[in-house]
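Starting off with a structure, shown below.
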Amino acid sequence: MSLLQRLSFKHFVVGFCVLALGLVVLIWWLSGAAYLRPYAEQTVIFSQDGLKLPASLAGPGPIRVVHFWDPDCPCNAETDAHLRYLIGLHRNADVEFYSVQKPGSKGEIAPFLRGRMKPLPGIEGMESLPASPALAIWDRDGNLAYAGPYSEGLVCNSSNSFVEPVLDALTQGRHVSLASGLAVGCYCAWK
């Protein structure tokens, strides 16, 4: 009797269920849902005493956006695309973009962001960041206007962005002080 003749309908159903479950887990992992977690388990407040620009960038000047990223974090894919959109949107405004790579990590920023952001070795207070990808925005007076996640949810885009309203207000000359962030989304530990 061959193997196919000995297998019953029950064996085929069990095999199909195991295969389907494996496929669901694989899709879940590849989609980034495995990294869906709270940005912070408690409200994290970023004050001007925490994050500080290097002396060469501090004080009055253009609006400064600092992107914190980890090359090993799969959550960067959506954030990188959103960041590219933000850079394009504000290319004619007085906004400068910088990036800070997670200390001790190895990797390169997405090819379409190279040359559009100035790399920084780090900034004072960055160890207080609970997760990445994240960013901090300083206004034209050099005051921290926002620090935290890009958005809430698994996908980072204009519809759920915390960043675009801040940048829009700052480029229009309005004062903003949203130096805290609490969200659920795709994040990786920064520390």
Side-chain angles (χ1 to χ4, degrees), residues 27-40 43-44 46 51 53 57 62-103 105-120 122-123 126 128-140 144-172 174 176-191:
I27 291 170
W28 174 76
W29 185 264
L30 293 176
S31 71
Y35 294 90
L36 189 62
R37 59 182 49 104
Y39 183 77
T43 302
V44 177
F46 297 90
L51 292 174
L53 287 169
L57 299 176
I63 296 166
R64 285 138 293 187
V65 178
V66 179
H67 167 65
F68 299 93
W69 69 286
D70 176 1
D72 296 326
C73 182
C75 304
N76 287 324
E78 293 293 331
T79 304
D80 286 351
H82 188 201
L83 186 56
R84 180 183 187 181
Y85 170 75
L86 290 173
I87 291 170
L89 189 65
H90 296 285
R91 70 181 171 271
N92 295 327
D94 194 20
V95 180
E96 292 183 357
F97 290 85
Y98 299 88
S99 68
V100 174
Q101 185 172 329
K102 182 178 178 178
S105 65
K106 301 218 182 299
E108 293 186 16
I109 201 155
F112 55 82
L113 292 174
R114 288 185 204 139
R116 299 175 126 198
M117 304 176 71
K118 299 170 189 165
L120 295 173
I123 65 169
M126 71 181 192
S128 68
L129 290 172
S132 71
L135 86 161
I137 304 171
W138 281 264
D139 65 18
R140 287 186 175 98
L144 183 63
Y146 175 80
Y150 276 80
S151 64
E152 183 168 38
L154 186 58
V155 178
C156 179
N157 58 41
S158 298
S159 66
N160 63 357
S161 175
F162 301 136
V163 179
E164 285 177 58
V166 173
L167 281 174
D168 289 345
L170 292 175
T171 57
Q172 293 168 10
R174 297 190 320 248
V176 177
S177 182
L178 297 173
S180 66
L182 179 63
V184 174
C186 186
Y187 308 113
C188 298
W190 180 255
K191 297 177 185 178

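Every value quoted in this text rests on a predicted model; they were computed, and no experiment measured them.
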On a heavy-atom basis, the closest approach of I123 and F68 is CD1-CZ, 3.5 Å
Please confirm whether the backbone N or O of G88 pairs with a side-chain atom of R91, one donor and one acceptor, at under 3.5 Å? yes
Measure the shortest side-chain to side-chain distance between W69 and I109 over non-hydrogen atoms and say whether it is less than 4.5 angstrom.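 Touching, per the 4.5 Å side-chain cut-off.
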Please assess D139 against V176 for the test side-chain contact (heavy atoms from CB on, under 4.5 Å), listing each intermediate value before the final yes or no. CA-CA 8 Å; D139 65 18; V176 177; over 6 Å; no
Closest non-hydrogen atom pair, S132 against C73: O-SG, 4.1 Å
Can you tell if the side chain of F97 reaches within under 4.5 Å of the side chain of L113, non-hydrogen atoms only?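 No, every pair of side-chain atoms sits at 4.5 Å or beyond.
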Value rounded to 0.5 Å, distance of CD1 in I63 from CG in D94: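 One finds 6.5 Å between CD1 of I63 and CG of D94.
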Would Y146 and L167 count as a side-chain contact (heavy atoms from CB on, under 4.5 Å) here? Give the steps. CA-CA 9 Å; Y146 175 80; L167 281 174; over 6 Å; no
Qualifying residues under salt bridge (Lys or Arg N to Asp or Glu O under 4.0 Å), relative to D70, sequence neighbours excluded: K102
Rounded distance [0.5 Å steps], CG in D72 versus SG in C188: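 One finds 8.5 Å between CG of D72 and SG of C188.
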Residue pair P149 / L135: nearest heavy atoms and the distance that separates them: O-CD2, 4.2 Å
Determine whether a donor-acceptor pair (N or O, by modelled atom type, separation under 3.5 Å) exists between the side chain of R64 and the backbone of I137. no
Taking salt bridge (Lys or Arg N to Asp or Glu O under 4.0 Å) as the test, write out the residues that go with R84, two or more places apart.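 Here no residue qualifies.
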Would you indicate whether the side-chain heavy atoms of P119 and Q101 approach each other to under 4.5 Å? no
Can you classify the ring geometry of Y150 versus H67 as parallel (below 30°), tilted (30 to 60°) or perpendicular (above 60°)? perpendicular
Identify the heavy atoms of T79 and P133 that sit nearest to each other, and give their distance. OG1-CG, 3.2 Å
What one should report as the nearest heavy-atom pair of L57 and L53 is O-CD1, 3.8 Å
Quick check: does any side chain N or O of R140 sit under 3.5 Å from a backbone N or O of L170, one acting as donor and the other as acceptor? yes
Please check: side-chain N/O of W190 versus main-chain N/O of M126, any donor-acceptor pairing under 3.5 Å? yes
Reported CG-to-CE distance for the pair L83 and M117, which is rounded to 0.5 angstrom: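 Answer for the CG-CE pair, L83 versus M117, is 4.5 Å.
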